[in-house]
Amino acid sequence: MMDINNLQFPIGPFVAQHPYTDEQNRTNIQIISALPSKFINLLGDWDAEKLNTPYRPGGWTVRQLVHHVADSHMNAYIRFRLALTEDNPTIKPYQEELWAELPDAQSAPVDLSTQLLRYIHLRWVLLLNSMNEADMARTYTHPQSGKTFRLDEVIAQYAWHSEHHYQHAFQLALRNNWSH
């Protein structure tokens with residue numbers, strides 16, 4: 001039996017580090033850039049039974065997971081645009097657990113979200129690659145925690161988020177001997 005913590009955090013929890021180097025930023029942007037293709041390649045021939053399988057006991061289904069990533073990354077893209085055009089804006093949080101329970105997250109075809117990720121990431125990565133050192137230091141504030149986040153840290157968080165959720169699906173496939 002696998003440890004539930006390893007199932008929940010297959011690459012470990014996110015750990016911020018400061019400062020981020022240009023090389024780390026480029027690597028993190030590349031991880032974000034690669035995510036849509038990784039999901040498309042992994043999930044391309046999965047049937048409804050596989051997509052409706054929770055990645056861990058008590059966890060979301062793969063379908064909900066992919067829709068969550070699209071929701072999350074759309075919000076991230078908007079937050080970056082706000083932070084790059086406003087002085088330390090307060091972002092709008094959302095209830096990701098409740099979003100994952102909405103009918104579309106439970107039943108919509110995953111290709112809707114993988115294609116959405118594909119195009120959101122094309123725009124987002126274009127924006128991320130245009131950012132200079134001053135842009136990386138721009139911030140936004142999350143109203144629930146009151147914490148102010150630098151954009152280079154947020155890039156690292158979303159690189160982690162990308163791989164974290166990809167690994168949920170990938171590790172599920174490995175555990176179940178699903179070809180990919």
Side-chain angles (χ1 to χ4, degrees), residues 5-6 8-43 55 59-60 62 64-97 99-100 105 110 112-171:
N5 200 46
N6 289 335
Q8 188 172 9
F9 294 100
I11 63 169
F14 175 71
V15 178
Q17 62 180 66
H18 297 286
Y20 288 92
T21 65
D22 288 342
E23 182 178 337
Q24 288 169 315
N25 289 332
R26 282 191 300 276
T27 298
N28 288 330
I29 292 167
Q30 179 55 40
I31 291 167
I32 292 168
S33 177
L35 179 67
S37 293
K38 288 175 71 170
F39 265 140
I40 290 166
N41 291 335
L42 178 64
L43 306 176
Y55 72 90
W60 289 332
V62 174
Q64 287 172 296
L65 180 86
V66 173
H67 294 315
H68 157 73
V69 173
D71 293 340
S72 175
H73 291 205
M74 284 188 297
N75 275 282
Y77 174 66
I78 298 297
R79 291 169 178 178
F80 268 79
R81 295 183 70 78
L82 290 169
L84 290 167
T85 59
E86 299 176 19
D87 185 26
N88 191 38
T90 298
I91 60 160
K92 171 85 172 96
Y94 67 101
Q95 300 292 323
E96 65 183 36
E97 301 83 11
W99 284 34
V110 295
L112 296 177
S113 281
T114 57
Q115 292 303 315
L116 186 58
L117 280 168
R118 180 176 170 212
Y119 290 105
I120 287 289
H121 279 227
L122 286 171
R123 282 282 306 272
W124 191 17
V125 168
L126 183 66
L127 180 65
L128 295 176
N129 281 326
S130 75
M131 292 171 58
N132 60 33
E133 190 175 330
D135 294 332
M136 292 290 181
R138 293 188 66 87
T139 60
Y140 65 67
T141 299
H142 196 289
Q144 290 173 322
S145 67
K147 183 175 178 193
T148 297
F149 294 90
R150 282 177 49 111
L151 292 185
D152 56 358
E153 179 182 349
V154 179
I155 291 170
Q157 286 176 325
Y158 279 92
W160 173 87
H161 190 258
S162 295
E163 190 61 20
H164 168 72
H165 285 309
Y166 173 78
Q167 285 297 323
H168 284 146
F170 181 77
Q171 295 297 324

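All residue numbers in this chain count up from 1 along the given sequence. Atoms considered below: every heavy atom in the structure, side chains included; atoms not considered: hydrogens, waters and symmetry mates.
A heavy-atom distance below 4.5 Å is not found between the side chains of Ile78 and Lys92. Looking at heavy atoms from C-beta onward, Ile31 lies in side-chain contact with Asn28 at the 4.5 angstrom threshold. Counting only heavy atoms from C-beta outward, the side chains of Val62 and Val110 never approach each other to under 4.5 Å.
For Asn132, the CG atom is densely surrounded, since the number of other residues' heavy atoms within 6.0 Å is greater than 12. In the displayed structure, Gln17 atom CD is contacted under 6.0 Å by more than 12 heavy atoms of other residues, nucleotides or ligands. Other residues, nucleotides and ligands place more than 12 heavy atoms under 6.0 Å from the CD atom of Glu97.
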Stepwise, does the side-chain contact (heavy atoms from CB on, under 4.5 Å) test hold for Asp71 with Glu96? CA-CA 8 Å; Asp71 293 340; Glu96 65 183 36; over 6 Å; no

Verify side-chain contact (heavy atoms from CB on, under 4.5 Å) between Met131 and Arg138, making sure each step is shown before the conclusion. CA-CA 10 Å; Met131 292 171 58; Arg138 293 188 66 87; over 6 Å; no

Could you check Ile91 against Phe149 for side-chain contact (heavy atoms from CB on, under 4.5 Å), going step by step and ending with a plain yes or no? CA-CA 11 Å; Ile91 60 160; Phe149 294 90; over 6 Å; no

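Looking at Thr85, its side chain does come within 3.5 Å of a backbone N or O of Arg81 through a donor-acceptor pair.
Between Pro13 and Trp160 the shortest heavy-atom distance is C-NE1, 3.6 Å. Of all the heavy atoms in Ile32 and Ile155, the pair that sits closest is CD1-O, 3.7 Å. Between Ala105 and Ala100, the shortest heavy-atom distance links the atoms CB-O, 3.5 Å.
Between the side chains of Thr141 and Thr148, at least one donor-acceptor pair of N or O atoms lies under 3.5 Å. A donor atom on one side chain and an acceptor atom on the other are not found under 3.5 Å apart for His161 and His164.
Aromatic ring orientation, His73 versus Tyr158: perpendicular (interplanar angle above 60°, classes split at 30° and 60°).
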